[in-house]
Amino acid sequence: MSQTIPFETITTDLLIIGGGTAGPMAGIKAKKKNPEADVLIVDKATVKRGGSICRGMDAYNNVTIPGEATVDEYVEAVDIISDGIQDKKVNRVLAENSFQMLKDLEEWGAAAFPRNEDGSFMVQQFHPKGKFLTEMRGDIKPVMAKLCKKLGVRTMDRTMATRVLTDAQGRATGATLLNVRTGECTLCKAKTVLICTGSNGRFNLPDTGFLFGSFDCPFNAGEGLSMVYEAGGELCNMEHHIFSPMIKDFEGPGHSTFTRYGAYLINAEGERFMLNYHEKGERAPSGIRGMAMRREVVEGRGPLYYDLRHLDAETVEIIKDGLFSCERPTEKEFFQNRNIDIGKDLIELTVSGPNICGGHGLAGVKVDETARTTVPNLYAAGDVASTCMGFVGAAWVFGSLAAEDAVSRLDEIQAPEVDEADARAEFQRLLAPLHRDEGLEAKEVEYKIRRMVKPYLASPKHGGRMESALRLVRQYRGEIDQIKVQDLHGVMKANEISSILDTVEMSLQASLFRTESRWGYGHYRSDFPEKSPEWDGCRVVVRKNADTNAMETVKETVA
């Protein structure tokens with residue numbers, strides 16, 4: 001394609017990429033902090049319903065409620081989960097600000113938090129220690145979208161960001177945008193940029209084989225991880241994978257909701273097997289659960305099930321209300337079609353993963369206590385950032401802190417400078433699949449990329465298999481350049497597939513570099529089966545080499 005692609009140029013003070021829940025929270029907080037700041041949110045879907053909690057959530061997983069838990073307890077609990085490989089400053093800030101987020105959501109009418117008869121919050125244990133989970137209800141996203149509009153936050157729905165632009169000094173200065181409905185190309189110049197694009201929900205291929213049958217939002221395909229990397233930022237813990245018990249043939253939520261109310265994981269012999277592997281049983285870290293479940297199946301004690309039959313009827317109804325009204329309404333239809341009553345029947349499960357998600361694991365963009373990345377004027381918040389099981393609390397807290405920090409610095413940041421030739425080249429790359437005379441189908445290329453994750457990259461990992469996978473990565477990069485699409489939806493898919501492959505390569509490189517096993521199946525190498533003291537307190541950082549443009553890994557001690 002040789003023709004020049006026209007594009008519009010716009011400017012803003014704070015560009016927020018991603019309208020899930022971190023993005024709107026950031027927009028609201030930015031305008032409350034500095035009403036004069038120009039704030040723009042762009043989202044591939046809509047700010048009203050985009051992201052992983054588009055229908056709300058049944059619980060606030062990590063809030064430190066005064067009188068119920070302490071900040072120190074939270075930091076210690078996360079330290080246990082991460083085996084000491086976490087930035088304690090980041091998680092302390094999260095805990096210190098988490099209760100304010102609860103109060104804000106209540107005040108705005110975005111969420112309700114059910115109370116006990118004595119007026120106290122309904123808190124439960126979800127982490128290895130401490131009670132940081134409280135029940136939550138409410139249609140959060142539409143309320144936040146209305147508040148953004150009321151405060152003057154601009155939004156661009158159905159708009160995909162594809163690249164963060166930087167100036168000669170390496171500072172973030174804006175992004176390239178594509179409207180996936182109209183094809184309109186936009187160069188947005190921004191003093192500050194905040195990435196809130198979520199996890200990579202399309203990392204591995206689910207057992208169902210459905211490309212979009214994923215636990216996390218399937219439209220979150222790792223683009224934020226890729227954009228930060230290409231802008232010169234650093235990512236960390238990309239070797240850490242999360243494994244979760246998932247409802248067989250559905251890959252939907254259930255584990256945290258079931259187990260916090262006392263459900264058991266049992267094998268085909270009716271044994272509550274998790275107690276054989278970890279003292280916390282069903283609340284063991286995800287890597288331990290994944291290892292235990294796979295061992296049960298391999299040793300002939302599968303299939304595995306959730307067992308809620310011992311729970312009283314009132315508790316079962318609370319579980320149904322949370323799952324079916326907030327988390328995943330389609331789950332209700334699934335159970336009905338299978339004639340499963342979750343209070344009376346066993347629920348067969350499977351092991352989901354490996355997956356990459358900063359909110360549920362350790363992997364993501366490296367950020368500090370104000371969500372700053374290693375690229376000046378570039379922030380990251382939510383599941384895209386490495387906040388060690390930060391869940392929805394990290395999205396709200398670091399979306400808030402990033403926005404407030406960004407708009408408080410506007411006077412000291414010079415007007416952004418952008419090389420329009422870079423933007424033009426990006427639009428040329430982006431739209432090329434639409435103008436090819438022949439080529440490969442996007443879904444076939446994506447299937448092959450994700451199909452290799454479990455056999456080549458999932459624990460138990462091995463250096464030889466991962467080296468083979470890297471050779472496949474190089475092959476698939478060539479195939480991505482041959483994708484032909486029919487419409488703008490296909491253009492979006494092709495760009496997502498490129499990001500998926502980027503995150504796979506990041507995970508492979510980091511997994512090869514960490515020559516030990518840690519976190520159970522979070523990172524288990526059969527060629528290095530023991531945990532090494534040399535890796536205690538150290539994380540793997542992935543970044544682009546400024547001289548060679550090659551992906552490199554370095555070992556870094558966590559402060």
Side-chain angles (χ1 to χ4, degrees), residues 20-22 52-53 57-64 69-98 101 123-134 136 198-201 203 215-216 220 225 235-245 253 255-257 259-260 278 280 282-290 352-367 369 371 380-399 518-523 539 558:
T21 194
S52 293
I53 67 165
M57 280 192 68
D58 64 338
Y60 187 170
N61 304 58
N62 52 343
V63 54
T64 303
T70 68
V71 170
D72 287 341
E73 283 178 327
Y74 180 81
V75 175
E76 186 177 349
V78 174
D79 208 45
I80 294 171
I81 297 169
S82 68
D83 199 7
I85 302 178
Q86 59 136 336
D87 189 331
K88 290 184 175 62
K89 300 187 300 298
V90 167
N91 284 284
R92 181 167 293 278
V93 166
L94 195 165
E96 290 172 343
N97 290 273
S98 60
M101 297 296 101
V123 298
Q124 296 171 330
Q125 184 175 349
F126 176 70
H127 291 69
K129 67 173 298 182
K131 294 184 177 182
F132 308 103
L133 182 148
T134 184
M136 178 172 63
S199 65
N200 182 355
F203 186 67
F215 171 63
D216 269 339
N220 297 344
L225 300 168
L235 300 96
C236 60
N237 303 321
M238 293 298 289
E239 73 279 15
H240 182 272
H241 295 157
I242 56 172
F243 292 85
S244 297
H255 181 80
S256 64
T257 304
T259 57
R260 75 173 185 263
H278 196 278
K280 295 296 182 181
E282 288 81 8
R283 289 192 175 94
S286 68
I288 303 296
R289 290 198 307 268
S352 173
N355 285 316
I356 294 289
C357 178
H360 291 84
L362 308 181
V365 177
K366 191 173 80 171
V367 295
E369 308 94 290
D383 285 349
V384 72
S386 176
T387 51
C388 191
M389 289 189 71
F391 296 107
V392 71
W396 291 329
V397 168
F398 290 107
R518 193 174 288 263
W519 309 301
Y521 260 28
H523 174 74
R539 61 186 173 190
V558 182

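- Annotation: side chain of Ser352 is not in contact with side chain of Phe243 (no heavy-atom distance under 4.5 Å).
- Taking 4.5 Å as the limit, some side-chain heavy atom of Trp519 sits within range of a side-chain heavy atom of Ile85.
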Q: Could you walk me through whether His240 and His523 pass side-chain contact (heavy atoms from CB on, under 4.5 Å), step by step?
A: CA-CA 6 Å; His240 182 272; His523 174 74; 5.9 Å; no

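- Annotation: the span from Lys88 atom NZ to Ser82 atom OG amounts to 7.0 Å, rounded to 0.5 Å.
- At least one side-chain heavy atom of Met57 sits under 4.5 Å from a side-chain heavy atom of Val392.
- Looking only at distances, a side-chain donor or acceptor of Lys280 sits under 3.5 Å from a matching main-chain atom of Pro128.
- The nearest pair of heavy atoms linking Ile242 to Gly361 is CG2-CA, 3.5 Å.
- Between the side chains of Asp383 and Ser52, no donor-acceptor pair is found at a separation under 3.5 Å.
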Q) Hey, mind stepping through Ser98 and Asn62 against side chain to side chain donor-acceptor pair (under 3.5 Å) and telling me if it holds? A) CA-CA 7 Å; Ser98 60; Asn62 52 343; over 6 Å; no

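- The shortest heavy-atom contact between Gly364 and Leu225 is CA-CD2, 3.9 Å.
- Under the ring pair (Phe, Tyr, Trp, His ring centres under 6.0 Å) criterion, Phe391 pairs with Phe126, His360, not counting sequence neighbours.
- Asp83 is linked by a salt bridge (Lys or Arg N to Asp or Glu O under 4.0 Å) to Arg518, Lys531, counting only residues two or more places apart in sequence or in another chain.
- Looking only at side-chain heavy atoms (C-beta outward), Arg289 and Pro245 come within less than 4.5 Å of each other.
- Taking both residues in full, the closest heavy atoms of Ala385 and Ala380 are given as CB-O, 3.9 Å, listed atom of the first, atom of the second, then distance.
- Atom CG of Asn200 and atom CG of Asn355 lie 8.0 Å apart (nearest 0.5 Å).
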Q.
Working note: Thr21 + Trp396, criterion side-chain contact (heavy atoms from CB on, under 4.5 Å); need CA distance, chi angles, decisive distance, verdict.
A. CA-CA 7 Å; Thr21 194; Trp396 291 329; 2.7 Å; yes

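- Rounding to the nearest 0.5 angstrom, the gap separating the CG atom in Asn220 from the CZ atom in Phe203 is 15.0 Å.
- Between Arg92 and Asp72 there is a salt bridge, with a side-chain nitrogen of the basic residue lying less than 4.0 Å from a carboxylate oxygen of the acidic one.
- Atoms OG and CZ, on Ser386 and Arg539 in that order, are 6.5 Å from each other to the nearest 0.5 Å.
- Checked options Asn91, Thr387, Asn237; the residue passing with Gln86 is Asn91 (criterion: side-chain hydrogen bond (donor to acceptor under 3.5 Å, both in side chains)).
- Listed by first and then second residue, the ring pair (Phe, Tyr, Trp, His ring centres under 6.0 Å) pairs that reach into residues 69-89 are Tyr74-His127, Tyr74-Phe132, sequence neighbours excluded.
- Separation of atoms NZ (Lys129) and CG (Asp79) is listed at 10.5 Å; rounding is to 0.5 Å.
- When all heavy atoms of Arg260 and Thr257 are compared, the closest pair comes out as NH1-CA, 3.4 Å.
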**Q.** Tyr521 vs Ile288, side-chain contact (heavy atoms from CB on, under 4.5 Å): CA-CA, chis, key distance, verdict
**A.** CA-CA 6 Å; Tyr521 260 28; Ile288 303 296; over 6 Å; no

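- Scanning all heavy atoms of the two residues, the minimum distance from Leu94 to Gly390 falls at CD1-CA, 4.0 Å.
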Q.
side-chain contact (heavy atoms from CB on, under 4.5 Å), that's the test. Do Met101 and Tyr60 meet it? Break it down for me.
A. CA-CA 10 Å; Met101 297 296 101; Tyr60 187 170; 3.6 Å; yes

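- Atom CD1 of Ile356 sits about 10.0 Å away from atom CG of Leu362, to the nearest 0.5 Å.
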